[in-house]
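In this text, all values refer to a predicted model and were calculated from it rather than measured experimentally. Positions are given from 1 along the sequence.
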Amino acid sequence: MSTMTTPAAAEESKAREAANAGPEPKQLDALHTAYGDTTIADQVVEKIAGIAAREVPGVYAMGSAVGRAYTSMTQRMPGQQQSVSGGVSIEKGERQTAIGVSIVVEYGVSIVEVADNIRDAVIKSVEYGTGLDVVSVDVNVTDVHLPAEYETGADSTPAPSTGSATLA
């Protein structure tokens, strides 16, 4: 006599095997060790990324004009600290993070070079400081800061001298 296995019996057998196998072993890394887990708040990643981006030559400010105006007003209140995470947004999982940075660049710099330097600095700082893998750093250039002569509308021709001159 041959034994026939019904589909229901096969599924039950697989379920029993899975239950007996127990939970999958925990994957260990810098944040998840045999002795415990480390969790990092979103604000920590934002601050580290913000500080790293601000230190890149050619970055004049962080964030959009509206964001900078709001931050400027809120920092005038007594007891408020300077915000270093303005212009930074993140999406963070347990082991990885994606970072977005909004900046204003100085006039005359290569935006491509500044963006590459920001990516390098942010990736190094966040990965070293947190142990998270940075999967992307998106750089959004919101404005160009012009030198004072362009902002006031003055042209580059020198003003006439007010000293005395003798006419021949």
Side-chain angles (χ1 to χ4, degrees), residues 24 26-163 165:
E24 290 184 29
K26 181 168 125 178
Q27 291 189 349
L28 303 179
D29 60 18
L31 296 173
H32 306 281
T33 69
Y35 300 106
D37 296 333
T38 302
T39 55
I40 298 172
D42 292 359
Q43 296 87 346
V44 172
V45 178
E46 289 173 351
K47 285 182 179 182
I48 292 171
I51 291 168
R54 277 176 171 60
E55 292 176 349
V56 172
V59 174
Y60 175 75
M62 299 285 293
S64 65
V66 173
R68 289 191 319 272
Y70 176 76
T71 300
S72 175
M73 291 180 66
T74 57
Q75 287 178 353
R76 291 182 183 153
M77 295 185 198
Q80 294 297 316
Q81 292 182 337
Q82 180 180 1
S83 172
V84 294
S85 60
V88 179
S89 62
I90 67 160
E91 290 182 26
K92 185 176 76 64
E94 283 188 32
R95 292 178 169 85
Q96 296 178 326
T97 186
I99 301 170
V101 179
S102 294
I103 63 165
V104 177
V105 296
E106 293 280 355
Y107 174 76
V109 300
S110 167
I111 293 174
V112 173
E113 285 182 26
V114 171
D116 285 342
N117 292 339
I118 288 172
R119 283 186 189 93
D120 290 342
V122 168
I123 289 170
K124 286 177 186 172
S125 295
V126 171
E127 286 185 348
Y128 173 77
T130 66
L132 293 168
D133 290 325
V134 178
V135 294
S136 71
V137 177
D138 297 325
V139 178
N140 179 23
V141 180
T142 61
D143 201 358
V144 175
H145 177 255
L146 302 174
E149 62 193 42
Y150 290 109
E151 289 177 351
T152 60
D155 63 69
S156 59
T157 57
S161 174
T162 56

Can you find a heavy atom in the side chain of L31 that is under 4.5 Å from one in the side chain of R95? no
If we check side chain to side chain contact (heavy atoms under 4.5 Å, CB included) with S125, which of these qualifies: I48, V45, I51? I48
Of V141, V56, V139, the residue whose pairing with V105 passes side chain to side chain contact (heavy atoms under 4.5 Å, CB included):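 It is V141; the other options fail the test.
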Between atom [atom1] of [X] and atom [atom2] of [Y], what is the distance when rounded to the nearest 0.5 Å?
| X | Y | atom1 | atom2 | answer |
| --- | --- | --- | --- | --- |
| E106 | L146 | CD | CG | 9.5 Å |
| T97 | E46 | OG1 | CD | 9.0 Å |
| D143 | S102 | CG | OG | 11.5 Å |
| I103 | T142 | CD1 | OG1 | 7.5 Å |
| R54 | I118 | CZ | CD1 | 10.5 Å |

What pair of heavy atoms forms the shortest contact from [X] to [Y], and how long is it?
| X | Y | answer |
| --- | --- | --- |
| V104 | H145 | CG1-N, 3.7 Å |
| I99 | A49 | CG2-CB, 4.1 Å |
| A53 | M62 | CB-CE, 3.8 Å |

Any ring-ring contact (aromatic ring centres under 6.0 Å, His included) pairs touching residues 85-126, not counting sequence neighbours?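 Of all non-adjacent pairs touching residues 85-126, those that pass ring-ring contact (aromatic ring centres under 6.0 Å, His included) are Y107-Y150.
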Side-chain donor-acceptor pairs of residues 128-137 under 3.5 Å, sequence neighbours excluded:
residue	atom	partner	partner atom	Å
T130	OG1	V126	O	2.5
T130	OG1	L132	N	3.1

Under the salt bridge (charged side-chain N to carboxylate O under 4.0 Å, His left out) test, which residues partner D116, sequence neighbours left out?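 Residues passing salt bridge (charged side-chain N to carboxylate O under 4.0 Å, His left out) with D116: R119.
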